[in-house]
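My questions all concern the structure below.
In what follows, every heavy atom counts, from backbone to side chain, and hydrogens, waters and symmetry copies are set aside.
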Amino acid sequence: MAVLPTLSYLPQFHFCTNQTLNSSVSFTNHRLVNQGSARTSTKSFSLANDFLGDFGARDPFPAEIETDFCNRVGTFDTEHKILIPNVAAMSLSQQQCAPISHLQSPMTEDDAKSLLRKVIGWRLVNENGKQKLQCLWKLKDFECGVELINRIFNAVKSTGHFPNIRLEQPNQVTAELSTSSIGGLSVNDFIVAAKIDEIKTSDLVPRKRAWA
């Protein structure tokens, strides 16, 4: 007598909740390969109010499933902490300038080159043994140069640390940053440079020609 293979899919769902904020789900899939034999696979995972999405999630290990870990997870005894990034982890543009003592030494060239990677379009300039940050913009016209200067002022006015700006006819603006009280560069110069980097300039610069 021939044995006819039969294929079926019988999902079973059951929800077990400790509280409204924590729950677990167990999926059991039964698949009949042929009459008289069957294979069963079970997958369990926990659900919660995850505002970051499935961040860092993984499938449970077999030993965790055997201990019914998803039903043992509670929320009353769980301490949730919101970690605020420290200054080192924040981007330069998000930081605020701090007072610089005239007794402080200027930044070394190696440190300046390291921070230079965090700003765009700026270069180091050595003028009479004193380091400066310099950036240059080529704009559509003189009026666009005036507009850029206004945007730079609005971007950095809250810092109290201002660049030296030159508007050169007909269409060029140059900005230089340094900390005069120490005769060189400080982290304040890079913070201001990063804030200037966030200024929109696409409407002020000439459009590049697209050749067919």
Side-chain angles (χ1 to χ4, degrees), residues 49-57 81-102 104-212:
N49 289 340
D50 186 1
F51 298 104
L52 296 178
D54 197 19
F55 180 77
K81 293 182 179 180
I82 299 175
L83 300 179
I84 300 174
N86 56 32
V87 173
M90 296 172 63
S91 67
L92 284 172
S93 63
Q94 295 175 320
Q95 298 182 34
Q96 299 299 322
C97 293
I100 302 294
S101 170
H102 68 281
Q104 180 176 324
S105 300
M107 187 177 294
T108 65
E109 185 175 357
D110 288 341
D111 289 340
K113 287 181 178 179
S114 178
L115 283 178
L116 190 64
R117 302 190 189 101
K118 298 181 180 293
V119 292
I120 302 171
W122 296 82
R123 65 190 184 101
L124 290 176
V125 176
N126 192 311
E127 186 176 291
N128 299 324
K130 298 180 180 180
Q131 290 192 108
K132 295 183 178 181
L133 277 177
Q134 187 182 84
C135 190
L136 184 146
W137 295 266
K138 290 187 178 296
L139 308 168
K140 293 179 183 178
D141 49 37
F142 187 83
E143 184 178 355
C144 289
V146 174
E147 175 61 24
L148 176 60
I149 292 174
N150 289 331
R151 294 182 188 182
I152 290 174
F153 172 75
N154 290 328
V156 305
K157 62 182 178 181
S158 63
T159 67
H161 191 76
F162 300 97
N164 293 323
I165 301 177
R166 298 193 304 272
L167 175 56
E168 303 168 354
Q169 293 186 7
N171 59 348
Q172 181 172 299
V173 170
T174 303
E176 290 182 345
L177 281 163
S178 66
T179 304
S180 58
S181 61
I182 60 175
L185 289 173
S186 70
V187 69
N188 287 350
D189 299 306
F190 290 90
I191 290 173
V192 172
K195 291 182 183 294
I196 293 175
D197 282 342
E198 294 186 338
I199 297 174
K200 177 186 176 184
T201 59
S202 59
D203 58 324
L204 303 179
V205 298
R207 292 185 177 180
K208 295 182 179 180
R209 293 183 178 180
W211 300 97

(request) Could you list all the salt bridge (Lys or Arg N to Asp or Glu O under 4.0 Å) pairs where at least one residue sits in residues 135-149, not counting sequence neighbours? (result) Glu147-Arg151

(request) Give a yes or no answer on whether the side chain of Asp197 reaches the backbone of Ile120 with a donor-acceptor pair at less than 3.5 Å. (result) yes

(request) Taking salt bridge (Lys or Arg N to Asp or Glu O under 4.0 Å) as the test, write out the residues that go with Arg166, two or more places apart. (result) Glu168, Glu176

(message) Rounded at 0.5 Å granularity, tell me how far CG in Leu139 sits from CD in Gln172.
(response) 8.5 Å

(message) To the nearest 0.5 Å, what is the distance between CE on Met107 and CD1 on Ile182?
(response) 7.5 Å

(message) To the closest 0.5 Å, what do you measure between CH2 (Trp137) and OG1 (Thr201)?
(response) 8.5 Å

(request) Walk me through it: do Leu167 and Phe142 pass the test side chain to side chain contact (heavy atoms under 4.5 Å, CB included)? (result) CA-CA 8 Å; Leu167 175 56; Phe142 187 83; 3.4 Å; yes

(request) Describe, in one word, how the ring planes of Phe162 and Phe153 are oriented to each other, choosing from parallel (under 30°), tilted (30 to 60°) and perpendicular (over 60°). (result) parallel

(message) Given 3.5 Å as the limit, does a donor-acceptor pair link the side chain of Thr108 with the main chain of Asp111, or not?
(response) yes

(request) To the nearest 0.5 angstrom, please state how far the CG atom of Leu115 sits from the CG atom of Asp110. (result) 11.5 Å

(message) So, using side-chain contact (heavy atoms from CB on, under 4.5 Å) as the criterion, who are the partners of Lys130 when residues are at least two apart?
(response) none

(message) If I take atom SG from residue Cys144 and atom CD1 from residue Ile149, how far apart are they, to the nearest 0.5 angstrom?
(response) 11.5 Å

